[in-house]
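Below is one structure; the comments refer to it alone.
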Amino acid sequence: MRKFDTKVQYHKYKVLREVARQAWDDTLLQNLFRIPKLIIPGPKPTMRCCIYKERAILQERVKLAIGGDQTNPNVIEVIDIACDECPMGGYQVSEACRGCMAHRCEDVCRKGAITFDSQQKAHIDKTKCVECGQCAKVCPFNAIVNHIRPCINACKIKAISIAEDQYAQIDNDKCISCGACVYTCPFGAIQDKSFILDVISLIKGSSDNQEYKVYAVVAPAIASQFRYAKLGQVITGIKKLGFFTVVEAALGADMVAYSEAEELAEKGFLTSSCCPAFVKYAQSFPNIKDKVSTNLSPAASISKYIKDNNPGSKVVFIGPCTAKKMEFQKESVRPYIDSVITFEELQALFDSRDIDITALEESELDTASYYGRIFARCGGLSDAVAQALKEQGNEDFQLNPLVCDGISECRSALMRADKKVLKNNFIEGMACTGGCVGGAGCLTHSERNRIDVDKHGSLAHNKTITDALNITDGEI
């Protein structure tokens, strides 16, 4: 079974795997500039025009795999030399133009950007065109089309534009690090920085967890990934990498659902705190800033619990989210989460150590409730808050949630809430389509992911949130 959706992911993974392998062996420094040649030995190129360009791009991927540009605070970066195959973008006349007599496109253009050749075929002067699209609206043959670059189309908050040199550029003030552009770019020209070296360093520095314990906190979306193996085998594989144990972030989701329900009942209106990309976006709306839940995210909540009860321990979050790589660097979260990697990077770690997880025995992972686990898919958080209100005896509170599937729906809800015309009293914001199961760091993206998460939730031993929270011994 294929481990990844696309070849772009596979090429990214090969770099991560090789960087990790060299890091485990303490040979990364001397082999850093040899990695592109190790991956593409030649003599023929595999995906691009020439082997030299392929290797040059791979060298840029190596830089991102070891942490990227340290002067750039964003975890999402553009690889300029890989960003050169997309069309310029904007309105263009296609072959469907019949050279008609009406010339409606010319009549409607206020900038005089439409001209005609000897065959009466229309042409657009891009130095005059303002991309208003009026010509496309009146063309009877639909011959004028708008070519939008995939990254721009993917970024619904308009954080990506095209620089004068025709490369994509990211406005860090607008970017919420959701990674939609990362997964969408067909050339892999936009990529998230990796902290995989930090994770390896944490594991090696623990001396088999004798110096300190290294905990892996896994997002509930993991149930929809690594389909070629059983979930219990994945958990064993994580331990085999050198982690002391594996903890469900879903238990943190139980904590958040319970606290968020109390906060909602007290304030009367609230927006969720579990998706860091959504939280950053919500805080850009003046009348919403103080309506965002004050709770930590599920990952940060369970990590705080771990560190409170296991002083000196280290915590690595493993999930589908590139925005988590920004979240863990915040002052409010940094004390609890030491590093973050995605499922893509976890796969690279497994293979860098030649761990065949399909050959491993299964480990149990069962501390969270059904409701904590379904946080991974859109609508799960609202279901959990409704359940928490019920368990708290707040059934008189009339929950009226608005489930936002993807950042476009989040934008619409936040705009209405900002103008105080939203009828709902709780906004569940998920920046990725489908929820966390659609995150940029997932191995696979499909409708089946939601089904797998619901199935994983139904297998939880703890059927209520209260059951999951009844932890009395202070140990995980």
Side-chain angles (χ1 to χ4, degrees), residues 5-8 45-54 56-57 60 76-176 178-191 406-409 411-412 415 433:
D5 280 345
T6 70
K7 289 183 179 179
V8 170
T46 60
M47 300 292 287
R48 291 183 180 265
C49 59
C50 70
I51 194 170
Y52 305 106
K53 183 168 185 175
E54 277 197 314
I57 292 172
E60 294 301 310
I76 309 296
E77 291 191 13
V78 177
I79 303 174
D80 289 354
I81 59 172
C83 180
D84 64 351
E85 301 291 344
C86 288
M88 285 275 295
Y91 288 90
Q92 296 178 357
V93 181
S94 72
E95 291 297 320
C97 178
R98 309 313 303 155
C100 69
M101 296 172 58
H103 287 190
R104 290 192 178 98
C105 56
E106 180 185 30
D107 293 338
V108 79
C109 181
R110 294 172 295 174
K111 299 297 181 180
I114 304 287
T115 58
F116 300 89
D117 62 20
S118 60
Q119 303 297 317
Q120 293 303 305
K121 297 293 181 71
H123 295 274
I124 299 175
D125 185 342
K126 302 303 284 188
T127 64
K128 297 179 180 179
C129 178
V130 293
E131 308 293 345
C132 68
Q134 293 303 309
C135 56
K137 291 180 181 178
V138 299
C139 179
F141 296 105
N142 296 318
I144 302 178
V145 293
N146 189 12
H147 292 292
I148 304 176
R149 286 192 175 187
C151 56
I152 293 177
N153 193 44
C155 185
K156 305 305 181 183
I157 60 169
K158 303 185 185 304
I160 297 181
S161 60
I162 305 303
E164 291 183 4
D165 54 13
Q166 304 309 315
Y167 297 142
Q169 62 181 7
I170 299 173
D171 184 336
N172 287 345
D173 291 332
K174 291 182 180 180
C175 180
I176 57 175
C178 66
C181 55
V182 174
Y183 180 70
T184 302
C185 178
F187 288 93
I190 307 179
Q191 190 174 314
I407 202 64
S408 291
E409 292 187 10
R411 179 175 181 271
S412 175
M415 288 180 68
T433 302

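Bear in mind the structure is a predicted one, so any value in this text is a computation, not a measurement. If you read the sequence from its start, that first residue is 1, and numbering goes on from there.
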Minimum-distance pair of heavy atoms, taken over all atoms of [X] and [Y]:
X	Y	answer
Phe141	Cys100	CE1-CB, 4.1 Å
Ile114	Cys135	CD1-CB, 4.3 Å
Cys105	Ile144	CB-CD1, 4.0 Å
Arg149	Cys83	NH1-SG, 3.9 Å
Cys151	Ile190	CB-CD1, 3.7 Å
Ala82	Phe187	O-CB, 3.8 Å

Spacing of [atom1] belonging to [X] relative to [atom2] belonging to [Y], to within rounding of 0.5 Å:
X	Y	atom1	atom2	result
Cys129	Gln92	SG	CD	9.5 Å
Thr184	Ile152	OG1	CD1	12.0 Å
Ile57	Tyr52	CD1	OH	15.0 Å

Enumerate, atom names and distances included, each donor-acceptor pair closer than 3.5 Å involving a side-chain atom of residues 154-163, sequence neighbours excluded.
from   : atom 1 : to     : atom 2 : distance (Å)
Lys156 : NZ     : Asn153 : O      : 2.7
Ser161 : OG     : Gln169 : NE2    : 3.0

Heavy-atom side-chain proximity of [X] to [Y] below 4.5 angstrom:
X	Y	answer
Asp125	Thr115	no
Tyr183	Asp5	yes
His147	Val145	yes
Lys111	Gln134	no
Cys178	Ile407	no
Glu131	Lys126	yes

Only counting residues at least two apart or in another chain, list the ones meeting salt bridge (Lys or Arg N to Asp or Glu O under 4.0 Å) with Glu77. Lys193
Donor-acceptor pair, distance only, cut-off 3.5 Å: does the side chain of [X] make one with the backbone of [Y]?
X	Y	result
Ser94	Ala143	yes
Gln191	Ile79	no
Gln120	Met101	no

Report the C-alpha separation of His123 and Asp117 in whole Å, then their side-chain angles, then the decisive distance to 0.1 Å, and conclude whether the side-chain contact (heavy atoms from CB on, under 4.5 Å) test is met. CA-CA 8 Å; His123 295 274; Asp117 62 20; 3.1 Å; yes
Could you work out, with ring-ring contact (aromatic ring centres under 6.0 Å, His included) as the rule, every residue matching His103, not counting sequence neighbours? Phe116
